[in-house]
Amino acid sequence: MKLRRRQTLASVIVLTAGLLTADPLTPTAAHADPPPVRGTDTAESLVAHFAEGPAYVDKSAVTACAVTDPVSGEPPQAVAYRLDRIAIRTWLDEPDVRTRLRSALDANGGAGIGIDTIGKVEFPDLTADHTVQPVWYAELEHAAPAALIRTARALWTPPLMTAAPVYLMAPNGGDTDGGPLESWPNGPPEPTTVLPPDRADAIGAGTTIAVYDMGMPVRERGNWPPNVTRLDGSDVEIVDAEAPALVADRIWNGHSVAIADVLNTVAPGASVEAVRITEPSGVPTEESATRRMASTLSRAHDLTRSPDLAVAAFGTPGCAIDPLNPTRGDLVPLGLQMVADAVDHYRETLIVASAGNRNTSRRYYPAAFGHESVLSVGALDTTEGAENGGWTSRSRSGRRADFSNFGTWVEAWAPGVDLSTRHLIGVSFAVDTDPVMGQALVDGTSYAGPYVAALFAQYLAANPGTPAYRAWPDIAAAGAKCSSAVGGGVAVTLTTLDAKPNTPPDPGLPPMC
């Protein structure tokens, strides 16, 4: 695989709404030689850009948010979350939520912290008949990290109530251990003039794919694929409003353009709707993603216009429920869990979620929820000896990309290295580097996910009336089964440009994954 130039953010101390992101409760000596914690650069980058309130980079020194995996020995995964919010799922009403939250805060180091607005996010029809439990977001006068995590753990009393931090979500999944950031697992998008291969224009016709991501930039700054639209006028990505000029404001700018063009390349007949899930500063949080997904999917259901597929190329690890017993699982992003519950019930949309780019088997959400209507996708490197620039493989497989998350929770595998896609126009990703001029090579599970979604679109167009979640067994049956070294799953790379999603691999070529 060709390695690109690597760029990482310089070490910085970030102030967010007056909060120092360095750990305020740990003696300086404890940081003299800290153990490696994967994802730290990603979490720091998210907090650096976050402008909606105090946020924190948790490396577990104080909170034991994440711990070394007792089975694999893998190190902790850094997370970022808000200190002025907590998420709670329960059937209780607001007065009871407030009372229990007040009690838990008082008992866990948060005495004196004010509780302001408590707002409910729900799927109204499913909440009304007690099918899908709503999520409550409580606004706090910002808590110390240890108090917030202890409070969430104290409230975690299923089936009555679950609680979790409101995580900041990384587009594309994060960084490799010590490597580049966000959608840069092999370095920033690299300008190219190489165009992707052509497929028949009718492939995927009649299907709709919603891309829940960063939104689309103005056309002067983005090379839009012909089959993409914004869901509404608010779904605009801001690319270059800050100094220096003609340098991307966020390291993930152009993410949605590249995702949309993967869909356009593999299923050019599909209709793609770009939906922005970020806070105003351009950083997605678990709450902002939940609010937008819940409102748009609920409305689409009411209008009988649900998308066939939804791409979710963002995510986060979760804090441990019990650091002394990691087998109990994670404080998962509760709003996104509610969305997955609702989509499972509606059975109209399949969420195709990227597995993340931290080179770990640790679970990453929403991909790792395990719902029938959520398909998790890891990335393959199909560039070695490949035809068509890595877009196809006669074995339907390739090596696991060295950045891709893996494990028994990853169900599908598809190309995610050196894919040539449409991208930004006239914008670079660092001062004194070449600008992207509408086409770039990209890497990440962010692009493996939409590749698989496009295969579903092709299958659904050829089998009208089939719900997307029912298509997976047929597509998977013709794929290449991956080894236990990556946790299993099925590689579903197209064998050739004129192949179908259920075209079997060349029998003389064993799977590489």
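Being a predicted model, the structure only gives us computed values, none of them experimental.
Not counting sequence neighbours, Tyr459 has no partner by the ring pair (Phe, Tyr, Trp, His ring centres under 6.0 Å) test. For Arg250, the side chain to side chain donor-acceptor pair (under 3.5 Å) partners at least two apart in sequence or on another chain are His49, Glu242. Residues meeting the side chain to side chain donor-acceptor pair (under 3.5 Å) test with Arg199, sequence neighbours left out: Gln458. With sequence neighbours excluded, the residues that form a ring pair (Phe, Tyr, Trp, His ring centres under 6.0 Å) with Tyr365 are Phe369.
Environment of CZ in Arg100: sparse, with no more than 12 heavy atoms of neighbouring residues, nucleotides or ligands closer than 6.0 Å. For CZ of Arg394, the number of neighbouring non-hydrogen atoms (other residues, nucleotides, ligands) closer than 6.0 Å is 12 at most.
Put simply, the side chain of Leu455 reaches to within 4.5 Å of the side chain of Val266, judged on heavy atoms. With a 4.5 Å cut-off on side-chain heavy atoms, Trp413 and Thr382 do not count as touching. The shortest side-chain heavy-atom distance between Glu52 and Pro280 falls under the 4.5 Å cut-off. The shortest side-chain heavy-atom distance between Asp341 and Arg89 falls under the 4.5 Å cut-off. Side-chain atoms of Asn264 and Trp224, non-hydrogen and from C-beta on, never get closer than 4.5 Å to each other. For the pair Gln77/Tyr364, no side-chain contact is recorded, criterion being any heavy-atom separation below 4.5 Å from C-beta on. Residues Leu350 and Phe456 are in side-chain contact: their nearest non-hydrogen atoms beyond the backbone lie under 4.5 Å apart. Side-chain contact between Thr392 and Leu497 is present, with heavy atoms from C-beta onward closer than 4.5 Å.
Of the possible donor and acceptor atoms, none in the side chain of Asn357 sits under 3.5 Å from a partner among the backbone N and O of Phe403. A donor-acceptor contact shorter than 3.5 Å is absent between the side chain of Thr421 and the backbone of Val262. Put simply, the side chain of Thr90 gets close to the backbone of Leu160: a donor and an acceptor are under 3.5 Å apart. Checking side-chain atoms of Arg396 against main-chain N and O of Thr493 turns up a donor-acceptor pair under 3.5 Å. Judged purely by atom type and a 3.5 angstrom limit, Ser404 uses its side chain to pair as donor or acceptor with the backbone of Ala379. Judged by distance alone, the side chain of Arg363 and the main-chain N or O of Ala367 form no donor-acceptor pair under 3.5 Å. The closest donor-acceptor contact from the side chain of Ser298 to the backbone of Phe123 lies at 3.5 Å or more, if one exists at all. Judged purely by atom type and a 3.5 angstrom limit, Trp136 has no side-chain atom pairing as donor or acceptor with the backbone of Arg98. Not a single donor-acceptor pair under 3.5 Å links the side chain of Ser376 to the backbone N or O of Ala355. Using modelled atom types, one side-chain atom of Ser395 and one backbone atom of Ser397 make a donor-acceptor pair closer than 3.5 Å.
A distance of 12.5 Å separates CD of Gln133 from CG of Leu126, quoted to the nearest 0.5 Å. Here CG of Asp506 is found 9.0 Å from OG1 of Thr495. Values are rounded to the nearest 0.5 Å. Atoms CZ and CD1, from Arg291 and Ile277 in turn, are 14.0 Å apart once rounded to the nearest 0.5 Å. How far OG1 of Thr207 is from CG of Leu460: 6.5 Å, rounded to the nearest 0.5 Å. Taken to the nearest 0.5 Å, the CG atom of Asn186 stands 10.5 Å off from the CG atom of Leu441. Atom CG of Asp474 is separated from atom NZ of Lys500 by 11.0 Å, given to the nearest 0.5 angstrom.
Checked for salt-bridge contact, Asp235 and Arg292 meet the test: a charged N lies under 4.0 Å from a carboxylate O. A salt bridge does not link Glu74 to Arg358: none of the charged nitrogens lies less than 4.0 Å from a carboxylate oxygen. Look at Arg85 and Glu287 and you find a salt bridge, because one of the NZ, NE, NH1 or NH2 atoms lies within 4.0 Å of a carboxylate O, short of that distance.
Evaluated for a side-chain contact (heavy atoms from CB on, under 4.5 Å) with Val343, the options Val374, Leu297, Val132 yield exactly one hit, Leu297. Across Val492, Val490, Val452, Leu375, a single residue satisfies side-chain contact (heavy atoms from CB on, under 4.5 Å) together with Ile475, and that is Val492. Each of Glu372, Arg347, His371 was evaluated against Tyr469; a single residue qualifies, Arg347, per the side chain to side chain donor-acceptor pair (under 3.5 Å) test.
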Under the side-chain contact (heavy atoms from CB on, under 4.5 Å) rule, what do Met169 and Leu336 come out as? Steps first, then yes or no, please. CA-CA 11 Å; Met169 313 290 284; Leu336 294 176; 3.4 Å; yes

### Query
How far apart are the C-alpha atoms of Asp402 and Asn359, what are their side-chain angles, what is the distance that settles it, and do they pass the side-chain contact (heavy atoms from CB on, under 4.5 Å) test?
CA-CA 7 Å; Asp402 55 12; Asn359 185 26; 5.9 Å; no

- request: Report the C-alpha distance between Cys513 and Phe406 in whole Å, list the side-chain angles of each, state the deciding distance to 0.1 Å, and finish with yes or no for side-chain contact (heavy atoms from CB on, under 4.5 Å).
  value: CA-CA 11 Å; Cys513 52; Phe406 57 95; over 6 Å; no

- prompt: What do the steps show when you test Arg305 against Glu273 for salt bridge (charged side-chain N to carboxylate O under 4.0 Å, His left out), and what is the final call?
  reply: CA-CA 12 Å; Arg305 291 205 300 255; Glu273 298 174 337; over 6 Å; no

* List the steps and the verdict of side-chain contact (heavy atoms from CB on, under 4.5 Å) for Asn388 and Leu494. => CA-CA 11 Å; Asn388 304 306; Leu494 286 167; over 6 Å; no

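If you check the side chains of Asp213 and Ser256, you find a donor sitting under 3.5 Å from an acceptor.
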Per-pair distances, 0.1 Å, donor-acceptor, side chain in residues 308-324, under 3.5 Å, sequence neighbours excluded:
| unit_1 | atom_1 | unit_2 | atom_2 | d |
| --- | --- | --- | --- | --- |
| Asp308 | OD2 | Thr208 | N | 2.8 |
| Asp322 | OD1 | Leu324 | N | 2.9 |

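Pairing each heavy atom of Ser446 with each of Ile259, the nearest pair is O-CG1, 3.7 Å. Here the shortest heavy-atom pairing between Leu263 and Pro450 reads CD2-O, 3.1 Å. Between Ser45 and Ile251 the shortest heavy-atom distance is OG-CD1, 3.4 Å. The heavy-atom pair separating Ala43 from Ala78 by the smallest distance is CB-CB, 4.4 Å. Listed here is the closest heavy atom pair of Asp261 and Ser420: OD2-O, 4.5 Å. The two residues Arg362 and Thr68 come nearest to each other via the heavy atoms NH1-C, 4.0 Å.
Counting only residues at least two apart or on different chains, no side chain to side chain donor-acceptor pair (under 3.5 Å) pair has a member in residues 154-169.
Using a 30° and 60° split on the angle between ring planes, Tyr451 and Trp391 fall in the parallel class, below 30°.
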